[in-house]
Each structure stands twice: as C-alpha cells, then as structure tokens.
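All values below come from the heavy atoms of this structure, side chains included, with hydrogens, waters and symmetry mates left out.
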Amino acid sequence: MEIRILSVGKIKEKYLNAGIDEYAKRLSRYCKLSFVQVPDEKTPDHASDALNAQIKQTEGVRLLKHIKESDYVIALAIDGKMPDSVELSKKIENLGIAGESTIDFVIGGSLGLCEEVLNRADEKISFSKMTFPHQLMQMILLEQIYRSFRIMKNEPYHK
C-alpha cells in the first residue's frame with residue numbers, strides 16, 4: 001500500500017521536519033510513503049473573499065494535478081468526520097483489503113481546500129473543530145497513520 005501526503009506549502013520549521021522525518025522512518029516498515037508539496041500562494045492580510053477563493057482555487061489546481069483517478073482521496077477538512085484512532089486504523093485496513101493501492105491524504109494551505117478538491121475526495125476527515133497550522137497538521141497526520149498501523153498489527157503503542 002502506498003500512502004501519499006499531498007500538501008500546500010513547504011515546511012520551514014526544523015522541529016516539524018524532524019518529527020515528520022521520524023514518523024516517515026517508522027512508517028517505512030508498514031507502507032510506501034511519499035510526499036507531494038505544491039507551492040502556496042501569498043495571502044495578503046485583509047484579502048477579499050474573492051481573492052481568498054482565487055488563492056484556494058490556484059492551490060487546489062496544483063494539488064489535483066497530482067491525484068490519479070485510481071487514488072482513494074481523504075481530504076482533511078474542518079467539517080469532515082472525526083474518527084478516533086481505531087476508526088482511522090480500520091478505514092486504512094479496509095481500504096487495503098478492498099484493493100486500494102494508493103491512499104492520498106490532502107492537506108490544504110492556510111485557507112483550506114477549494115471545492116474541487118473537496119468534491120474529488122472520497123471522504124473528508126477532521127482531527128478537531130479547532131484550527132491547526134497546516135504544517136503542524138502534517139506531523140499530526142503522520143503520527144495517526146503510524147498509530148493506525150500499530151493498531152492493525154496489534155503492536156503496542158502508548159495511549
């Protein structure tokens with residue numbers, strides 16, 4: 001199974017890159033993991049709704065170029081379902097059993113994801129009703145994917 005993390009913008013903080021690298025290393029024994037980062041657009045302070053929509057659209061087009069028709073797409077969206085760790089583990093396991101070879105997790109930029117990306121998604125999940133920086137969300141997501149595989153394999157993991 002291949003898991004791809006598609007995200008907007010580069011992660012500049014060293015501590016986040018170190019955490020992401022650590023979880024990527026841990027996940028390497030369970031799946032093929034890859035990352036696709038597309039450039040983000042500069043968002044001026046006090047931008048109009050129209051400009052914000054245009055920025056999300058531009059970023060969304062960049063993301064969609066990397067999503068294949070055969071990929072199973074899970075978008076991270078604030079209005080998505082909020083699975084617990086066991087439910088996410090079951091979802092990933094069931095997708096593997098169903099023959100889905102590539103799962104794309106999509107993380108938007110600071111403004112979120114455009115409608116086209118959300119409509120392409122096979123499902124939407126949320127980690128909280130709170131808003132997190134999209135760079136931090138990548139590390140949180142990887143930790144949960146790692147936890148999912150540990151649950152699937154009945155391997156111990158701290159709670």
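- Evaluation of the side-chain contact (heavy atoms from CB on, under 4.5 Å) rule for I78 yields T131 as partners, not counting sequence neighbours.
- Evaluation of the side-chain contact (heavy atoms from CB on, under 4.5 Å) rule for K32 yields E2 as partners, not counting sequence neighbours.
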Donor-acceptor pairs under 3.5 Å, side chain of residues 7-17 to any protein atom, not counting sequence neighbours: which ones?
residue : atom : partner : partner atom : Å
S7      : OG   : Q138    : OE1          : 3.3
N17     : ND2  : I11     : O            : 3.0
N17     : ND2  : E13     : O            : 3.4

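- Between Y23 and Y146, the two ring planes are tilted [angle within 30° to 60°].
- Remark: F105 engages no residue in a ring-ring contact (aromatic ring centres under 6.0 Å, His included) (not counting sequence neighbours).
- When the salt bridge (Lys or Arg N to Asp or Glu O under 4.0 Å) test is applied to E69, no partner is found at least two apart in sequence or on another chain.
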| task | Begin with the C-alpha distance, continue with both residues' side-chain angles, and end with the deciding distance and a verdict on side chain to side chain contact (heavy atoms under 4.5 Å, CB included) for F149 and I3. | result | CA-CA 12 Å; F149 279 103; I3 293 187; 3.7 Å; yes
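- Between F127 and M82, the shortest heavy-atom contact is C-SD, 4.5 Å.
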| request: Take V106 and L76 through the test side chain to side chain contact (heavy atoms under 4.5 Å, CB included) and record every step on the way to the result. | output: CA-CA 6 Å; V106 184; L76 275 62; over 6 Å; no
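- Under the 4.5 Å side-chain heavy-atom criterion for Ile, Leu, Val, Met, Phe, Trp and Tyr, F132 and L88 are members of the same hydrophobic cluster.
- Expressed to the nearest 0.5 Å, how far NZ of K129 lies from CG of D79 amounts to 11.0 Å.
- In this structure, the separation between CG on L113 and CZ on R120 is 13.0 Å, given to the nearest 0.5 Å.
- Closest approach of R150 and P156 over heavy atoms only: NH2-O, 2.7 Å.
- Here CD1 of I5 is found 6.0 Å from CG of L33. Values are rounded to the nearest 0.5 Å.
- Using a 4.5 Å heavy-atom cutoff, the side chains of I67 and L64 are in contact.
- With sequence neighbours excluded, the residues satisfying salt bridge (Lys or Arg N to Asp or Glu O under 4.0 Å) with K90 are E93.
- Applying the salt bridge (charged side-chain N to carboxylate O under 4.0 Å, His left out) test to residues at least two apart or on different chains, the pairs with a partner in residues 98-113 are R4-D104.
- Between the side chain of N94 and the backbone N or O of K91, no donor-acceptor pair lies under 3.5 Å.
- For the atom pair CD1 (I103) and CD1 (I145), the distance works out to 8.0 Å, reported to the nearest 0.5 Å.
- Taking CZ of R147 as the start and CD of E155 as the end, the distance is 13.0 Å to the nearest 0.5 Å.
- Linking Ile, Leu, Val, Met, Phe, Trp and Tyr whenever their side-chain heavy atoms come within less than 4.5 Å puts I125 and Y72 in one cluster.
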Between side-chain atoms of residues 40-55 and protein atoms elsewhere (two or more places apart, or another chain), which donor-acceptor pairs fall under 3.5 Å?
residue : atom : partner : partner atom : Å
E41     : OE2  : R62     : NH1          : 2.8
E41     : OE2  : R62     : NH2          : 2.6
S48     : OG   : L51     : N            : 3.0

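- Residue I92 is not grouped with residue I151 when hydrophobic side chains (ILVMFWY) are merged at heavy-atom distances under 4.5 angstrom, including chains of intermediate members.
- Contact check for L136 versus M139: side-chain heavy atoms found under the 4.5 Å cut-off.
- Closest heavy-atom contact between S85 and S148: O-OG, 4.1 Å.
- Residues Y30 and K153 are in side-chain contact: their nearest non-hydrogen atoms beyond the backbone lie under 4.5 Å apart.
- Taking K25 as the reference, E22 meet the salt bridge (Lys or Arg N to Asp or Glu O under 4.0 Å) condition, with sequence neighbours excluded.
- What you find for S126 and G80 is that their closest heavy atoms are CB-O, 3.6 Å.
- With sequence neighbours left out, D21 forms a salt bridge (Lys or Arg N to Asp or Glu O under 4.0 Å) with no residue at all.
- For E115, the side-chain contact (heavy atoms from CB on, under 4.5 Å) test picks out L118, N119, with sequence neighbours left out.
- By the criterion of side-chain heavy atoms lying less than 4.5 angstrom apart, applied directly or through intervening Ile, Leu, Val, Met, Phe, Trp or Tyr residues, I74 is grouped together with M137 in one hydrophobic cluster.
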| field | Pair I107-L6, side chain to side chain contact (heavy atoms under 4.5 Å, CB included): steps then yes or no | value | CA-CA 6 Å; I107 303 170; L6 286 77; over 6 Å; no
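- Between D122 and K124 no salt bridge is recorded (no basic side-chain N to carboxylate O distance below 4.0 Å).
- Every residue two or more places apart in sequence or in another chain that forms a side-chain contact (heavy atoms from CB on, under 4.5 Å) with D84 is listed here: V86, E87.
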| task | Evaluate salt bridge (charged side-chain N to carboxylate O under 4.0 Å, His left out) for R26 paired with E143, printing each intermediate quantity in order. | result | CA-CA 9 Å; R26 292 181 187 190; E143 188 281 334; over 6 Å; no
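- The same ILVMFWY cluster, assembled from side-chain heavy atoms under 4.5 Å apart, contains both M152 and L27.
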